Amino acid sequence: QVQLVESGGGLVQPGGSLRLSCAASGSIFRIYAMGWYRQAPGNQRDLVAGITLGGSVSYTESVKGRFTISRDNAKNTVYLQMNSLKPEDTAVYYCSAVIVRSVEVDSVRYWGQGTQVTVSS
């Protein structure tokens, strides 16, 4: 079994910072793409930032210059550093990873349980 466990969400004032972490554990052979998604009430779940196994990154336009995604392959962990937070960043943030459990099976996308980020004064 594979689990993704997120941490680091919370309440922060506009302009503040938070750092989200997501650690993958279990039977893992290799982790390919990792990413962070967010979902606000009444909205669909959208990709915020992604990072490949090789370290190539991508961001949705609204967070460019404010958020930084990174990963530690030795720890099977992905991070999202969020700076200059705005009220519109308020959402449940989910991490996701494309994981291969062994050379004999195909990759599967796994999801974390989600962590609430609230930006409010």
Side-chain angles (χ1 to χ4, degrees):
Q1 192 62 284
V2 172
Q3 278 190 316
L4 300 182
V5 179
E6 299 140 340
S7 61
L11 172 65
V12 63
Q13 291 186 342
S17 298
L18 284 174
R19 189 191 194 210
L20 305 183
S21 299
C22 173
S25 63
S27 178
I28 297 172
F29 173 69
R30 182 166 292 145
I31 303 178
Y32 289 104
M34 304 183 83
W36 289 94
Y37 292 71
R38 66 187 179 187
Q39 186 170 21
N43 291 353
Q44 65 182 17
R45 189 177 299 185
D46 293 321
L47 177 65
V48 175
I51 184 167
T52 66
L53 176 59
S56 297
V57 301
S58 61
Y59 300 94
T60 191
E61 192 64 35
S62 64
V63 307
K64 286 182 180 178
R66 299 188 298 122
F67 291 10
T68 302
I69 189 171
S70 61
R71 63 190 286 173
D72 184 333
N73 293 329
K75 296 181 179 179
N76 290 339
T77 299
V78 62
Y79 306 95
L80 186 68
Q81 177 67 44
M82 305 185 293
N83 299 329
S84 302
L85 282 160
K86 304 176 180 180
E88 50 264 44
D89 295 318
T90 296
V92 178
Y93 283 70
Y94 298 89
C95 75
S96 177
V98 178
I99 295 173
V100 175
R101 296 181 62 188
S102 76
V103 295
E104 298 157 336
V105 300
D106 293 333
S107 61
V108 175
R109 179 177 293 279
Y110 292 88
W111 293 91
Q113 79 284 359
T115 185
Q116 178 70 46
V117 172
T118 302
V119 184
S120 175
S121 55

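Computed from a predicted model, the values in this text were never measured in an experiment.
Here the options are Ile99, Val100, Thr52, the test is side-chain contact (heavy atoms from CB on, under 4.5 Å), and the partner is Tyr32; only Val100 passes. Tyr59 pairs with exactly one of Ile51, Val48, Ile69 by the side-chain contact (heavy atoms from CB on, under 4.5 Å) rule, that one being Ile69.
Rounded to the nearest 0.5 Å, atoms CZ (Arg71) and SG (Cys22) are 11.0 Å apart. The CD atom of Glu6 lies 10.0 Å from the OG atom of Ser21; values are rounded to the nearest 0.5 Å. Distance check: Ser7 OG to Tyr79 OH gives 9.0 Å after rounding to the nearest 0.5 Å. Considering CZ of Arg30 and CZ of Arg101, their distance stands at 16.0 Å, rounded to 0.5 Å. Rounded to the nearest 0.5 Å, atoms CG (Leu53) and CD1 (Ile31) are 9.0 Å apart. Taking CD of Gln39 as the reference point, atom CD of Gln44 lies at 8.5 Å (rounded to 0.5 Å).
Under the 4.5 Å side-chain heavy-atom criterion for grouping Ile, Leu, Val, Met, Phe, Trp and Tyr, Val92 is connected to Tyr37 within one hydrophobic cluster. In this structure, Val119 is a member of the same hydrophobic cluster as Met82, with clusters built from ILVMFWY side-chain heavy atoms closer than 4.5 Å. Tracing side-chain contacts under 4.5 Å through hydrophobic residues (I, L, V, M, F, W, Y), one reaches Leu4 starting from Leu80; they form part of the same cluster. Note on Val117 and Tyr94: separate hydrophobic clusters, where clusters join Ile, Leu, Val, Met, Phe, Trp and Tyr whose side-chain heavy atoms are under 4.5 Å apart, directly or indirectly. Hydrophobic clustering (ILVMFWY, side-chain heavy atoms < 4.5 Å, transitive): Val108 and Phe29 are in distinct clusters.
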Given the rule in the side chain to side chain contact (heavy atoms under 4.5 Å, CB included) test, do Asn76 and Ile28 qualify, once you have shown the distances and angles that lead to the verdict? CA-CA 9 Å; Asn76 290 339; Ile28 297 172; 4.0 Å; yes

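The shortest distance between side-chain heavy atoms of Ser120 and Leu11 falls below 4.5 Å. Considering only heavy atoms from C-beta on, Arg38 comes within 4.5 Å of Asp89 through its side chain.
Between Phe67 and Tyr93, the ring-plane angle classifies as tilted under the 30° and 60° cut-offs.
The backbone N or O of Ala24 sits nowhere less than 3.5 Å from a side-chain atom of Gln3 that would complete a donor-acceptor pair. In this structure a side-chain-to-backbone donor-acceptor pair under 3.5 Å is present from Thr77 to Lys75.
Heavy atoms only, all atoms of each residue included: Cys95 and Val78 are closest at CB-CG1, 4.5 Å. Taking every heavy atom of both residues into account, Ser121 and Pro14 meet most closely at N-CD, 3.7 Å.
Side-chain atoms of Glu88 and Thr90 include no donor-acceptor pair closer than 3.5 Å. Arg109 and Ser96 share a side-chain donor-acceptor pair at under 3.5 Å. Between the side chains of Ser17 and Asn83, a donor-acceptor pair is found at a separation under 3.5 Å.
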